[in-house]
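Within every chain, numbering begins at 1; the chains are lettered A, B, ... in the order of the sequence lines, protein sequences first and strands thereafter.
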2 protein chains.
Amino acid sequence: MVVKSREREKKTDRVFFALSDATRRDIVTQTLDRERSVSELGRLYPISLTAVQKHVEVLVDARLVSKHRSGREQLVRGEIEQLRRAHQLLDGLEALWRARLERFEDVLSETTRRESE
Amino acid sequence: MVVKSREREKKTDRVFFALSDATRRDIVTQTLDRERSVSELGRLYPISLTAVQKHVEVLVDARLVSKHRSGREQLVRGEIEQLRRAHQLLDGLEALWRARLERFEDVLSETTRRESE
DNA sequence: CGATTTTACAACCATATGGTTGTAGGTTAT
DNA sequence: ATAACCTACAACCATATGGTTGTAAAATCG
């Protein structure tokens with residue numbers, strides 16, 4: 001049985017929500033490739049550094065990136081685990097759809113068989 | 001080259017945003033399995049029917065479900081295409097991460113080779 | 001026909017979101 | 001040392017979100 005604790009659902013909410021903004025998706029892209037400082041990220045987008053900082057915080061809360069300080073810089077690194085969870089969730093939904101498709105195909109072949117009798 | 005039109009990005013925003021709410025994810029689950037009327041969905045959750053209607057609208061805008069009228073009922077059906085797009089986007093991100101991992105492993109094996117010399 | 005079901009939609013409300021500017025405190029470089 | 005750089009955070013603002021209740025109009029049932 002699939003367990004859906006409220007806590008787990010909220011975590012999933014945060015992951016999908018974090019990915020629902022193009023700037024944040026790009027930050028994930030950049031930081032999965034290699035670590036970037038917050039100010040480096042700030043130079044990539046036409047918004048204030050504060051806005052970028054907030055986007056990074058949303059991603060940290062969703063565990064899609066992690067931060068660690070190095071001198072005066074805060075380095076951001078993309079993390080894979082929650083992406084995998086989201087991936088699995090989508091897999092589950094697609095499996096449901098395939099099951100529906102198969103039932104539909106069964107009915108169709110039944111009908112075809114009867115028609116050819 | 002990956003083309004990122006603003007229109008496409010907004011579409012992606014809507015898909016991930018629609019999936020960032022547990023009730024909406026459940027509606028997708030239910031309607032991928034089989035069609036459900038809006039009122040039928042309304043009975044599944046501890047919120048008003050109006051709230052459920054709004055959730056369905058968000059999902060329709062994201063093209064994660066479609067609606068068609070049958071008599072007085074509005075039937076909702078889960079759609080697979082946008083789920084697949086989201087799936088592919090996650091695949092792309094995971095591929096980036098794997099590339100980073102491989103570069104890291106290369107450096108590591110270089111180091112190991114030198115150490116054993 | 002009259003009652004019930006199902007949907008639609010407006011109006012309202014509290015809170016969240018995504019952006020801004022301004023202030024300030026560490027860290028590094030010249 | 002002092003200037004430049006990087007980050008943190010408060011305060012503010014407009015709009016979006018997720019919920020509510022209430023009203024009303026089709027469609028179906030008995």
Worksheet item: More 5' along DNA chain D: A/K54 or A/R69, using each one's nearest nucleotide?
Response: A/R69

May I ask you to evaluate whether [X] reaches the phosphate of [N], defined as a side-chain N or O under 4.0 Å from OP1 or OP2?
X     : N      : result
B/H55 : D/dG19 : yes
A/S39 : D/dC5  : no
B/R43 : C/dT6  : yes

Practice prompt. Report which part of the nucleic acid A/S48 touches: base, sugar-phosphate, or nothing (heavy-atom distance under 4.0 Å, all strands).
Written response: base

Taking [atom1] from [X] and [atom2] from [N], how many angstroms apart are they, rounded to a whole number?
X     : N      : atom1 : atom2 : answer
A/Q74 : C/dG26 : CD    : P     : 15 Å
A/I47 : C/dG19 : CD1   : C1'   : 8 Å
B/E40 : C/dT6  : CD    : P     : 9 Å
B/F16 : C/dT17 : CZ    : C1'   : 19 Å
B/L59 : D/dT17 : CG    : C1'   : 14 Å
B/L41 : C/dT6  : CG    : P     : 12 Å
A/D21 : C/dA16 : CG    : P     : 18 Å
A/L75 : C/dT27 : CG    : C1'   : 14 Å

Worksheet entry | A/R24 charged N/C atom sitting above A/F17 aromatic ring, 6.0 Å / 45° | yes

Fill in: Toward the 5' end of DNA chain C, by each residue's nearest nucleotide, A/R24 or A/T50
A/R24

Practice prompt. Would you mind telling me which residue lines up with the more 5' stretch of DNA chain C, A/E73 or A/F17, judged by nearest nucleotide?
Written response: A/F17

Fill in: Heavy-atom check, side chain of B/Y45 versus side chain of B/I27, under 4.5 Å
yes

Practice prompt. Measure the shortest side-chain to side-chain distance between B/K67 and B/R77 over non-hydrogen atoms and say whether it is less than 4.5 angstrom.
Written response: no

Worksheet item: Which residue, B/R84, B/E79, B/R85, forms the side chain to side chain donor-acceptor pair (under 3.5 Å) with B/Q82?
Response: B/R85

Worksheet item: With a 4.0 Å cut-off, would you call B/E57 and B/K54 a salt bridge?
Response: no

Discussion item. Looking only at the side chain of B/L49 (C-beta and beyond, no hydrogens), which of the listed nucleotides C/dT7, C/dT20, D/dA8 gets closest?
Written reply: C/dT7

Worksheet item: Hey, does the side-chain of B/R72 have a donor or acceptor N/O within less than 3.5 Å of a partner on the base of C/dT7?
Response: no

Worksheet entry | Donor-acceptor pair (no angle test) under 3.5 Å: B/S37 side chain, C/dT6 base | no

